[in-house]
Amino acid sequence: MSNIPAPGPARARPQKEQGVPDRDFDRKTILPEPDLPKAAELIPRGRALASEVQVGRSAFAEYFGVACESDYKRQAAADGRIMLHAQIGYRDPAKSRRAWFEIHDAVARAGGRVDRYGICLDWSMGYPAAERAGRPRGTGLILEDQAAFAALTAEAPVAAHFGDFVIGTPAAVENTAAALRAGSTSIGNLGQYFTFRMPGWTDDVQTTAATVEAMALIAAQPVEVLVHSNLDDGFAALFVDLACTFGAVLIERYVVEDLIGAPLGHCFGNTFSDPLMRLAFQRALAKRPGAPGTMVYGATTLYDGAGHENYAALSSYLSVDALAQRLAPTGHAINPVPISEAVRIPDIDEVIDANVFALRVIADAEDLEPLIDIAKADRIAEDMITGGERFRDRVLAGLADAGLDTTDAFELLLAIRRIGPRRLEEAFGPGSAAPDQLRGRAPVVRSSAISALQRAAEKKIAALSASQRAAIADARLTVCLCATDVHEYGKILIGEMLRRLGVAVLDAGVHAEPDQVAGEVLDGGADLIAISTYNGVALDYLERLNAALRSVGVHAPVLIGGKLNQIPDQTNSSLPVDVSAELAAAGAMPCPRAEDLFAHLLGLAEDRPERASA
Ligand code: B12
């Protein structure tokens, strides 16, 4: 039986919880601007746009005779059919169109069906079209105009999920309009709204206003269109308590469904590497159903290198996801991520291989059911729900006490984005106070992502001898640490290692602009700059940083790790190439492993023995 309810009236507003303790939140510090836009103006403006922008015809809707993907998902759930989701997004639109056709065709010939494609637009698509020229580009697909959007979705009858760099970006309204006209009925990504930043774009008021307006345009469509949110792209990847992640589901439903009136479908999975937690989270969603889920993303943090051993992870998470959908369908398609994803964007034949592999896993999954302790997963799911409801109520009550209007979607979204996951969890997390634990609370359901990084840091520094550790600590070094984009795990790992070694950290944050890093180094006097970068912009970033350091007249050695690649400017290739040699030529030290840090710290310690006695 399906757990997806038919569309219905909005749920009752959550009750205000009395006596929320903790930190002093204050409207004046969170939203100091005197004249912010009001949701009461943005929502009618977005709705009015629906008179000229409506869901267009698509090969998918026509072939299956459905009005929207939600109807298709409900039918698949009722039929007990497990759906497949594949990601597509090559820089070259012609290659992306070919992928759209070839993956569908090859999987059909293998006896299966790819139900939906998630389109990886390039992050530069998040800038308004009029301001896109000259902005930094990542590794994804760039669609120049409406015709390019429509040409893509016409290639085969597969649901078009415009999941990234649409909602939540400065270009939210125009990209949503283009996606709708191309026949898409699942558009995101609200998760990105909370955490992603476009380099050089600081206007979060405009981004929030565009996001609210775009969701209102979706709400006013004549057919059901899902607002999509990937929780792992949002705060979920950074919460230490999975109850807060479930709370994020409830808070987002309140904003999108109750305040704006659009249906909201969630995705989770990238960072859910523990099979039991993965199953429990899906069970929690099934127990508190909303609109159909979009997809369960592959547990990509389990992949390591490009070796075939990644098939073990692929098989393990697909089995859990297939079984979970068989037992309690929530509308989520499952997502076989090619094993090469850890190294680069997978090629077309690799996406086909992963999907054909998934067909077999799906067929075999029901045999696993007797081995699984569903009752245990359900107990954890109940804890996630109770803790999540408490988190939602405490956040809303706390923000109302701070003087925010929690019935205004604009104000609520902007406040939550500005406050960020750490402060929200510290102040309103549902766990009991525990000053010695991260975020000062005992998590209701501990997330594995952050604690695994702490364990990894501990293990890595154990490789140093006691005298090496003492030499580093005695040198009283200072490292300026930053991430160039949303990927924060590399930075967290390096930060944990530095702290354990007694090195002072100047934290320049995530999405750190080169000017800001240079400023930190100038003010704080760093001995070393440590950069973690993943979005395929390593070389451009280093060149801009070198220029920024020169302009303030400081110098410090630069270590750079993460995904050190970039799509070359003078090529029409869709795949990024390694730029480690170019980074070294530009004066940085490329670090493929976290341990590479040690040699540089020891070198600095040796050069500055006088600090020990200073
Ligand atoms: C987790 C993850 C995410 C999470 C990030 C969560 C978070 N808040 O941190 C989420 C889901 C949010 C995400 C989003 C995206 N991601 Co992502 N993500 C990953 C993933 C799976 C793991 C990266 C990671 O954190 N690893 C953990 C770290 C600790 O380990 P590591 O990477 O092996 O790092 C080692 C070394 O490099 C070194 N190191 C790292 N940093 C540093 C720094 C220093 C100074 C030193 C010394 C060493 C060092 O130490 C580590 C241990 O030895 C990778 C794929 C993969 N398996 O690697 C893709 C990947 C990095 N993502 C990718 C992409 C494209 C994206 C998106 C653009 C996708 C999209 N369309 O939305 C967005 C980003 C958008 C944006 N605006 O920034 C691409 C990058 C493509 C490329 N450059 O070729 C990858 C490679 C996946 C792929 N093949 O397509 N992602």
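Treat the numbers as computed from the prediction; the structure is a model and nothing was measured. Start at 1 with the first residue, then count along the sequence. Start at 1 and go down the list; that is how both ligands and their atoms are numbered.
Using a cutoff of 4.0 Å between basic side-chain nitrogens and carboxylate oxygens, Lys459 and Glu496 are not scored as salt-bridged. Checked for salt-bridge contact, Asp204 and Arg418 meet the test: a charged N lies under 4.0 Å from a carboxylate O. Between Arg441 and Glu425 there is no salt bridge, since no side-chain nitrogen of the basic residue lies less than 4.0 Å from a carboxylate oxygen of the acidic one. Salt bridge annotation for Asp515-Arg544: absent, with no cationic side-chain nitrogen under 4.0 angstrom from a carboxylate oxygen. Under the 4.0 Å criterion applied to side-chain N and carboxylate O atoms, Glu131 and Arg135 are assigned as salt-bridge partners. Classification of Arg439 and Glu426 as a salt-bridged pair fails, no side-chain N sitting under 4.0 Å from a carboxylate O.
Within 4.0 Å of atom 55 (C) of ligand 1, at least one protein heavy atom is present. Within a 4.0 Å radius of atom 22 (C) of ligand 1, the protein contributes no heavy atom. For atom 75 (C) of ligand 1, a protein non-hydrogen atom is found at a distance below 4.0 Å. Note that atom 33 (O) of ligand 1 has no protein non-hydrogen atoms nearby, at separations under 4.0 angstrom. Checking atom 67 (C) of ligand 1 against the protein gives no heavy-atom contact under 4.0 Å.
Numbered from 1 in the order shown, with element, the atoms of ligand 1 that lie under 4.0 Å from a heavy atom of Tyr303 read 57 (N). Those atoms of ligand 1 with a heavy atom of Ile531 less than 4.0 angstrom away are 43 (C), 44 (C), 45 (C). Counting the atoms of ligand 1 from 1 in the order shown, those under 4.0 Å from a heavy atom of Gly536 are 83 (N). For ligand 1, the atoms closer than 4.0 angstrom to any heavy atom of Gly562 are 37 (O), 39 (N), 40 (C), 41 (N), 42 (C). Using a 4.0 Å cut-off to heavy atoms of Asp485, the atoms of ligand 1 that qualify are 78 (O). Counting the atoms of ligand 1 from 1 in the order shown, those under 4.0 Å from a heavy atom of Trp123 are 77 (N). Counting atoms of ligand 1 from 1 in the listed order, those under 4.0 Å from a heavy atom of Arg344 are 89 (N). Below 4.0 Å from some heavy atom of Asp232 lie the following atoms of ligand 1, by number and element: 12 (C).
The option from Gly234, Ala594, Gly561 that lies nearest to atom 38 (C) of ligand 1, judged by heavy atoms, is Ala594. Scanning Leu493, Ile492, Leu121, Leu141 for the heavy atom closest to atom 51 (C) of ligand 1 points to Leu493. Nearest to atom 27 (C) of ligand 1 by heavy atom, out of Phe598, Tyr489, Phe165, is Tyr489. When Thr195, Asp233, Leu302, Asp596 are checked for heavy-atom proximity to atom 10 (C) of ligand 1, Asp233 turns out nearest.
A donor-acceptor contact closer than 3.5 angstrom is absent between the side chains of Asn565 and Asp578. For Glu69 and Thr185, the side-chain atoms include no donor-acceptor pair closer than 3.5 Å. In this model, no donor atom of one side chain and acceptor atom of the other lie less than 3.5 Å apart for Gln192 and Thr169.
Within 6.0 Å of CG on Asp349 lie more than 12 heavy atoms contributed by other residues, nucleotides or ligands.
The protein atom (non-hydrogen) at minimum distance from atom 86 (C) of ligand 1 is Lys563 CE, 3.5 Å. Given atom 47 (C) of ligand 1, the protein heavy atom at minimum distance is Cys591 CB, 3.5 Å. The protein atom (non-hydrogen) at minimum distance from atom 77 (N) of ligand 1 is Phe196 CD2, 3.3 Å. Of the protein's heavy atoms, Thr139 OG1, 4.3 Å lies nearest to atom 65 (C) of ligand 1.
Among the atoms of Ser340, none of the N or O lies under 3.5 angstrom from an N or O of ligand 1. Polar contact with ligand 1: absent for His511 (N/O pair, distance under 3.5 Å). Where the criterion is an N or O separation shorter than 3.5 Å, residue side chain and backbone included, Gly490 fails it with respect to ligand 1. Residue Lys491 has no N or O atom closer than 3.5 Å to an N or O atom of ligand 1. At under 3.5 Å, a nitrogen or oxygen of Glu341, whether backbone or side chain, sits near a nitrogen or oxygen of ligand 1.
You'll find the side chain of Val227 stays beyond 4.5 Å of the side chain of Ile187, heavy atoms only. For the pair Asp347 and Lys95, the minimum side-chain heavy-atom distance is below 4.5 Å.
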Would you please test Arg344 and Glu350 for salt bridge (Lys or Arg N to Asp or Glu O under 4.0 Å) and show each step?
CA-CA 11 Å; Arg344 55 171 167 72; Glu350 295 166 333; 2.8 Å; yes
Pair Phe235, Phe194 - check ring-ring contact (aromatic ring centres under 6.0 Å, His included), show working.
CA-CA 7 Å; Phe235 290 165; Phe194 293 108; 5.4 Å; yes
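Residue contacts with ligand 1 for Ala342 involve both N, CA, C or O and side-chain atoms from C-beta outward (heavy atoms, distance under 4.0 Å).
When each of Val479, Leu481, Leu506, Leu549 is paired with Ile529, the side-chain contact (heavy atoms from CB on, under 4.5 Å) condition holds for Leu549 and for no other.
Residue Pro592 places a heavy atom less than 4.0 Å from ligand 1. For the pair Tyr297 and ligand 1, no heavy-atom separation below 4.0 Å is found. Under the 4.0 angstrom criterion for non-hydrogen atoms, Gln192 is in contact with ligand 1.
Within the structure, every pair that satisfies the ring pair (Phe, Tyr, Trp, His ring centres under 6.0 Å) test and touches residues 333-357, not counting sequence neighbours, is listed here: Tyr311-Phe357.
Looking at Arg116, its side chain never comes within 3.5 Å of a backbone N or O of Ala333 through a donor-acceptor pair. Side-chain atoms of Asp241 do not come within 3.5 Å of backbone N or O of Pro443 as any donor-acceptor pair.
With Tyr534 as the aromatic partner, Lys563 does not meet the cation-pi criteria of under 6.0 angstrom to the ring centre and within 45 degrees of the ring axis.
Protein N/O/S atoms closer than 2.8 Å to atom 17 (Co) of ligand 1: His487 NE2.
With sequence neighbours excluded, the residues satisfying side-chain contact (heavy atoms from CB on, under 4.5 Å) with Ala584 are Pro590.
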Quick one: side chains of residues 267-276, donor-acceptor pairs under 3.5 Å with protein atoms, not counting sequence neighbours, listed by atom name and distance.
| unit_1 | atom_1 | unit_2 | atom_2 | d |
| --- | --- | --- | --- | --- |
| Asn270 | OD1 | Asn230 | ND2 | 3.3 |
| Thr271 | OG1 | Asp232 | OD2 | 2.3 |
| Ser273 | OG | Ser448 | OG | 3.4 |
| Asp274 | OD1 | Leu276 | N | 2.9 |
| Asp274 | OD1 | Met277 | N | 3.3 |

